[in-house]
Protein chains: 2
Amino acid sequence: MADATSRPGVAAHEVLAAVLQVRARSLRAMLWQRAREPHAGRWSLPGGRLGDHEDVEASIRRQLAEKVDVRQLAHVEQLAVFSAPDRVPGPPRVVATAFLGLVPCDIDPEVPEDTRWFAVDDLPETAFDHGAIVLRARNRLRAKLSYTNLGFALAPKEFTISALRELYSAALGYRVSATNLQRVLSRRGLLEATGRTAPPGPSGGRPAALFRFTGHGMRVTDPFAVLRPPRG
Amino acid sequence: MADATSRPGVAAHEVLAAVLQVRARSLRAMLWQRAREPHAGRWSLPGGRLGDHEDVEASIRRQLAEKVDVRQLAHVEQLAVFSAPDRVPGPPRVVATAFLGLVPCDIDPEVPEDTRWFAVDDLPETAFDHGAIVLRARNRLRAKLSYTNLGFALAPKEFTISALRELYSAALGYRVSATNLQRVLSRRGLLEATGRTAPPGPSGGRPAALFRFTGHGMRVTDPFAVLRPPRG
DNA sequence: ACAAAAGTGTTCCCTCTACACCCATGC
DNA sequence: GCATGGGTGTAGAGGGAACACTTTTGT
């Protein structure tokens, strides 16, 4: 056991990403199936070892580029460090920095043969602690949909309000009212009408107006519910 | 450069904590002065190398025990990973998991000779990226004071509303109204009257009632401002 | 009586929800 | 005309901010 990593304070460092996307009315995560032991056959998150000359965010973006075109990643943010000593059989011991990644619902990335999308609420048997990481990612997304403009990262460039409603409902896990969704996002200045409309379906109905998000970086739109600073 | 840590994906891992406390109407962070190069003389965060048989949270609690009695730490939570390749001169390369730690304002921990408290808004020259970590900690605290019960971690066991007001004002950086603070926290069921009162000051005034927080783990009290699930 | 500090009552405002109603299209 | 889906108007509830007012003490 004279492995270099057995020296105190030294560990292998990996980066992992729970990449989420809404498809077919459900929130899905990208997983690939391990070919080798340990945990052969189980499904795991994309990622890999941290490179010597990159920070963790650059690393996860680089490694995801092998699975998904980086331009398709609308948002990436750190989730947490997972560091239980036995989370991965060693040596070396492996510490992971986990990320949340979001992909708009209108793009269908070409993924490798061993990679598939699974509904977050119906995950297969996952490797190591990857199932817990996906749940953390889901919870973070749900929270931020409410007080930031993060919806832009799940939506296509242009969309109807009902399409956006489907999106939010799938991500949040409960029915969202189209009426109030439009009003809340409009009041916050996040939505912008394109002026164009989408054709109605075969059974008729008024054609839906197309909207887009006004900005594409994450912004906090509802900074504090209470204890606001005094006006003046 | 045949250092073991130069192998791809292997790095030294340290844990650091921005330990915050309100003292004398300002939010302060605990720093110690480096004796050795690099950055000798600069002020840095407590922490150290991750041990082989502990996760990052156990590690930071263990290492803080050398500076502060662990029982005095009312709250500890992960902030983020700091991993710029050159954040600390190497080799070995050092990746840090940063924490936020909170100490109630009524205890005055015995700290080592090289350790002092500094106002967060007036930090001395800090080592490495530790200044940025303290700012992240301050921002996290400010956000969570608004939508969680995290005030309990800054407050003494029992307190008057005006004392609590001072606390929140110092932590948030702006004047908070005692009237509304009491109402908000009471409505959320976070405050509990002890039935006892504090004696008035030398210039008179009505004696203040003493309160305590009803719980001591962090709870989210204002989960989402908008897009709530439908009732029913 | 007066000043000082604590606590309460009241009003206003803003935001989100719910639901009824109107609009534009296909058949 | 009528069904279908899109969009708006409006009333209601809730929570927080602001501020006046009352309560309780010391001098």
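Throughout, a chain's letter reflects where its sequence line sits, starting with A, and its residues are numbered from 1. What you see below is based on every heavy atom in this structure, not just the backbone, and it leaves out hydrogens, waters and symmetry mates.
Shown here for Ser83(B) and Val95(B), the closest heavy-atom pair between the two residues is CB-CG1, 4.2 Å.
Checking the phosphate oxygens (OP1, OP2) of dA6(C), no side-chain nitrogen or oxygen of Gln182(B) falls inside 4.0 Å. At least one side-chain nitrogen or oxygen of Arg187(A) sits closer than 4.0 Å to the OP1 or OP2 atom of dC16(C).
Within 6.0 Å of CZ in Arg116(A) there are 12 or fewer heavy atoms belonging to other residues, nucleotides or ligands. Within a 6.0 Å sphere centred on CZ of Arg42(A), heavy atoms belonging to other residues, nucleotides or ligands number more than 12. Annotation: Arg136(B), atom CZ; neighbour count of heavy atoms from other residues, nucleotides and ligands within 6.0 Å does not exceed 12.
Ion pair Arg87(A)/Asp55(B) not flagged as a salt bridge, since none of the NZ, NE, NH1 or NH2 atoms sits closer than 4.0 Å to an Asp/Glu carboxylate oxygen. Between Lys157(B) and Asp106(B) there is no salt bridge, since none of the side-chain N atoms of the basic residue sits less than 4.0 Å from a carboxylate O of the acidic one.
A distance-only check finds a donor-acceptor pair linking the side chain of Arg142(A) to the backbone of Ala171(A) [under 3.5 Å]. His130(A) places no side-chain N or O within 3.5 Å of a backbone atom of Ser44(A) that could act as its donor or acceptor partner. Thr148(A) contributes no side-chain N or O that, together with a main-chain N or O of Met218(A), makes up a donor-acceptor pair within less than 3.5 Å.
One atom, CG of Leu190(B), and another, C1' of dG15(D), lie 15 Å apart when rounded to the nearest Å. One can place CG of Asp222(B) at 15 Å from P of dG14(D), the figure rounded to the nearest angstrom. Distance CG (Leu145(A)) to P (dC16(C)): 15 Å, rounded to an integer number of Å. Regarding Leu191(A), its CG atom lies at a distance of 14 Å from the C1' atom of dG7(D), rounded to whole Å. Atom CG in Leu181(A) sits about 11 Å away from atom P in dC16(C), given to the nearest Å. Atom OH of Tyr147(B) is separated from atom C1' of dG16(D) by 19 Å (rounded to the nearest Å). Remark: C1' of dG7(D) and CZ of Arg183(A) are 9 Å apart, rounded to the nearest angstrom. The distance from atom CG of Asn180(A) to atom P of dA11(D) is 16 Å, rounded to the nearest whole Å.
Taking every side-chain heavy atom of Ala208(A) into account, dG7(D) is the closest of dT17(C), dG7(D), dG9(C). Which of dG16(D), dC19(C), dT8(C) sits closest to the side chain of Arg188(B) comes down to dG16(D).
Residue contacts for Ala178(A): at a heavy-atom cut-off of 4.0 Å it reaches no nucleic acid atom on any strand shown.
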Please write out each protein N/O paired with an N/O of nucleotides 23-27 of chain D under 3.5 Å, distance rounded to 0.1 Å.
unit_1	atom_1	unit_2	atom_2	d
dT23(D)	O2	Arg206(B)	NH1	3.2
dT24(D)	O2	Arg206(B)	N	3.1
dT25(D)	O2	Gly205(B)	N	3.0
dG26(D)	O3'	Pro202(B)	O	3.1
dT27(D)	OP1	Pro202(B)	O	3.1

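Contact annotation: side chain of Arg165(A) to base of dG6(D), donor-acceptor pair absent below 3.5 Å.
Annotation: proximity of residues 156-164 of chain A to DNA chain C (heavy atom, distance under 4.0 Å) is found for no residue.
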